[in-house]
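I have placed the structure first, in the form of structure tokens, so that the comments after it can refer back to it.
The figures that follow rest on heavy atoms only: side chains count, while hydrogens, waters and symmetry mates do not. So that the names make sense, note that chain A is the first sequence line, chain B the second, and so on, each numbered from 1. Values in this document were obtained by computation on a predicted structure and should not be read as measured data.
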Amino acid sequence: MKNLVLTQNMLSTVKQSLIDGLTIASGSKSSATYYHSKDEQMKAIRTQIKGLYGLSKELPLIIASQKGATGRFVSEVLLNEFKQTQKGGACNIVNPIDWYDNGLSDKALLSVLNNLAGTDNGITYVLRLFIDLKNEKVNNERMRKIVLGFIWGQDNLEFYAMKYRNKIAQILRHVYGVKKTSILLSIAQKQINIHGGNLVGTQKEIGIVNNAILKYFNGDSTRAFKLLLFLFKKSGVEYGETEFPLLSQYQKAQTDITDVHNVPEEVLLGLVSNTKHPQYHTMWTNDLQKEATKAMIRKNVKVTSVNQQVRQTKSTAKLGVTKTVDLQKATDFLALYKTGYETSFTPELNVAINALAEKKRINDFFYKSIGVIIDDSASMTGHKNESKNTPRAIADFTAKVLGKSAEVATYVKTRDEVTDLATSFVELVKSENTARPYDAIFILTDGYENAYDGLTNEVISIYKQETGSQIPIFQISPITSAEMGSNVRKLGQDVVTMAINNPTALQPQITARLLEIDTKMWLENQVVALEAAPVKRTKKITVNA
Amino acid sequence: MNTREFTELLKGCRPVKDSDGNIIVQSILNMQIVCLTTDKEYSLDTRFANPLTALKASNRSYGEVGFSNEADKEVIVPTQMAVMTKQSAQNHGMTKSGYIGAKTSTTFHDAGCVQGSQGGHFRGTQEFRMLPVSIREMVFDAGKDGDGYSRIYPAIRELGRQTNSNTGEYLDKYFNKYDKKLEQFIAHFERPKNLIGTIVLVDGEIIAIDKFPSFTYAEQVWDIMIRDCYGALAIMSELKSRSTGQEFTETYKELKKSHQANVIDLLEKALKKTKADMTASVHEKLQEVLELTFNATLDTEGHTSGARAPKSYRLESTPSGYVGQVISETEYNHLVSVVKRDKFDPNTLREINELRKMARRQDRFSL
């Protein structure tokens with residue numbers, strides 16, 4: 001990589017934009033929260049991205065490639081990127097030779113797409129983004145190549161085809177266009193029905209198939225054609241059990257769902273609830289039948305993800321089904337905590353939470369000895385706009401992750417039913433070990449004090465003033481929103497406010513404050529990381545015409 | 001007419017306290033809320049249905065609100081509930097609370113329009129809100145003395161003046177302007193477990209008292225009460241640029257003059273003292289109203305009647321400083337709603353109480 005072309009004049013503007021961008025990237029959500037409507041959040045995200053892009057086109061991608069950037073933010077960055085032409089926008093930070101000619105632009109885009117796909121439920125985010133591309137009428141060559149590369153390059157395409165059949169078909173139809181889709185389906189039907197799946201055809205036909213499917217797909221043409229025909233609901237195709245273990249079960253489930261194990265629960269429910277399904281009248285006509293069918297499906301299906309199984313704990317018990325879930329494999333802390341709040345924190349659940357916190361610990365955490373205050377008041381259970389207990393789960397898990405990341409952590413929970421952070425703060429500083437004083441204090445709260453507004457800040461101000469302490473005090477709000485800067489309740493001037501919806505977002509938020517020290521160096525490191533990313537656009541296979 | 005003592009209206013209730021025994025006072029700007037609780041046995045959790053989901057409102061003419069209770073439990077309508085519908089109809093407000101028997105329909109003819117010249121009647125709606133507490137006094141009076149469908153209009157105009165919302169006679173204009181802000185008040189105040197009532201203070205004076213039938217009922221109406229009813233007071237405070245005083249800082253400085261303790265101990269002491277002072281102040285205000293007596297006048301308009309049905313009474317304090325309503329059954333009070341009259345100066349109460357105390361200290365006449 002050549003040196004950054006960032007001028008000294010631009011540095012200060014870029015610095016502030018980066019800090020704001022990182023804050024929003026890790027705090028934004030697509031859904032409404034206690035304090036912010038969905039529209040407000042989306043507006044704030046888009047404004048931020050537009051601002052960053054205007055400053056320099058690499059900035060949104062650099063921020064979106066950070067760990068902890070939320071799915072919504074990343075999706076919006078990608079949508080913005082696809083909307084622009086490859087050469088559009090000014091490249092003011094990275095040398096344009098690197099960005100355009102050395103392929104850094106593609107690498108950055110693919111890194112961000114991988115970042116999105118790598119999050120929990122990443123595939124749904126990516127597919128939603130691709131649908132958004134259709135809705136926004138974005139259809140350019142770069143977009144087509146990246147979308148096709150992503151979809152046809154999925155190792156688990158058979159499962160995704162079954163689970164997200166309509167979505168993927170919709171995306172492919174948009175990318176190929178109606179005419180080309182029709183041509184591809186016609187070729188695929190001809191190959192499967194007449195040539196037994198072998199690719200035989202005119203040079204033009206083979207060229208179309210190669211360019212549209214096979215250069216992105218890691219597998220033989222028969223498999224690709226069959227998947228394509230399945231996605232577009234073309235009948236008359238046989239899916240063998242060894243070749244297509246999932247689709248063969250799906251075919252079976254179209255007439256009988258009783259002994260199906262590898263088809264997702266929601267797909268089976270969709271099939272049997274259709275009045276045309278042969279078992280509809282015996283399994284889905286009244287509430288009793290429905291409950292019994294749901295219980296049978298819950299018991300049989302083996303392809304439900306561990307996270308979803310954890311989320312289903314309560315409903316599984318309600319259906320009267322006993323199912324052992326390997327909690328150790330769960331990666332969704334919200335699911336674990338909510339199950340705990342709703343049922344109880346069993347020893348297994350606690351072990352799983354601990355293990356997950358250990359996995360999520362922040363490496364090389366800046367602070368070694370920390371004090372943590374957890375607001376346990378009623379408002380932390382959330383609002384009707386959010387799912388219940390979300391803020392509480394974020395706060396509890398973040399506290400645990402902070403504890404794992406630091407060497408020593410002291411915790412204090414608010415005692416009474418209303419938020420009294422001031423008393424908790426005094427309790428925390430009282431229990432400070434003089435041999436190992438706190439490097440930082442974290443207050444996990446929505447910021448709504450009940451004693452009286454500003455009391456905690458008064459106590460902190462006097463504490464700092466009287467002791468001469470310079471200790472950084474962070475308020476971490478689990479009520480996340482894009483426009484947090486203006487609206488998340490701040491405890492006061494002496495406290496740095498951050499909003500996160502996942503402990504992974506902690507590091508970028510802290511980084512956002514630390515990068516003030518050397519913005520240029522931080523940017524250089526990010527660009528080097530992008531350059532080193534092991535991503536490529538296509539998985540080529542060769543087909544002899 | 002009969003009389004009711006203030007202490008009798010709130011019997012069984014006590015303020016929620018923290019682990020140090022201080023009354024928990026939740027504040028925003030110059031507004032404070034003290035929550036009340038009671039023993040579990042006095043919370044009739046299974047008796048009444050949720051008013052916000054059990055009732056459907058309809059009307060056939062202006063100035064009336066009909067409710068159909070679809071639950072197989074009785075319902076007590078929260079005080080001064082409003083129907084703010086998206087239907088092409090005139091929004092209406094109740095001037096009081098109401099009692100409706102299980103699976104029963106009834107119409108309150110002492111309601112009022114709250115949407116200017118909008119025409120039309122609503123049908124089977126559950127779009128309920130509450131009238132702000134700042135106009136509760138005027139609306140209570142309008143229910144008793146007001147005339148016709150326009151009885152609430154003067155109160156809406158007053159609300160517009162109080163909140164700079166240019167409402168005219170349209171309550172929806174106020175909500176449209178402040179809805180987002182009002183929504184945030186729900187987060188600001190926390191509902192403690194086993195809540196049975198609230199006392200609201202502004203500038204340290206008690207201005208409204210509510211007692212609900214049960215913990216469950218309080219939970220059901222909490223959000224709407226905070227947002228629609230009490231929220232107006234916080235908005236008025238903001239408009240008047242009222243702010244919370246730095247009570248803790250002042251207390252700390254005072255203590256520092258006379259104590260040599262280390263900083264943290266001093267912080268702890270100052271914090272405890274700040275809370276104790278807040279408790280003492282609320283305690284004092286509550287003490288003042290304990291002596292209040294209310295004249296209770298039976299009100300039958302709209303409420304489901306029957307030998308065993310709870311009865312509704314209008315309340316007017318003596319001296320005339322507080323007005324309200326109680327729905328009670330034999331001697332048991334299900335719902336109490338009292339508000340201070342805007343023009344009433346609590347100092348009058350203080351003077352009367354002083355005289356009363358002096359009188360109690362005097363010996364009886366003898367030779």
Is [X] close to chain A through its backbone or its side chain, or both, or neither, when contacts mean heavy atoms under 4.5 Å?
X	answer
B/Lys256	side chain
B/Leu271	side chain
B/Val25	backbone
B/Asp265	side chain

- Query: Can you tell which of B/Ile33, B/Ile264, B/Asn262 has the highest number of heavy-atom pairs within less than 4.5 Å of chain A?
  - Reply: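 The residue among B/Ile33, B/Ile264, B/Asn262 with the greatest pair count is B/Ile264.
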- Task: Using only heavy-atom distances, determine whether the side chains of B/Lys272 and A/Thr423 contain a donor-acceptor pair under 3.5 Å.
- Result: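 Their side chains do not contain a donor-acceptor pair, so the 3.5 Å distance test is not met.
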- Item | Polar side chain donor-acceptor pair, B/Thr38 to B/Lys211, under 3.5 angstrom |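 No, B/Lys211 and B/Thr38 have no side-chain donor paired with an acceptor closer than 3.5 Å.
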- Aromatic ring pairing A/Phe474/A/Phe442, orientation class (parallel under 30°, perpendicular over 60°, tilted between):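 Parallel: the ring planes of A/Phe474 and A/Phe442 meet at under 30°.
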- Item | Parallel, tilted or perpendicular: rings of A/Tyr337 and A/Phe333 (30°, 60°) |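 A/Phe333 vs A/Tyr337 ring planes: perpendicular.
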- Apply the side-chain contact (heavy atoms from CB on, under 4.5 Å) test between B/Thr274 and each candidate in B/Glu250, B/Glu247, B/Lys269; give the one that qualifies.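 That would be B/Glu247; it is the only one of B/Glu250, B/Glu247, B/Lys269 passing the side-chain contact (heavy atoms from CB on, under 4.5 Å) with B/Thr274.
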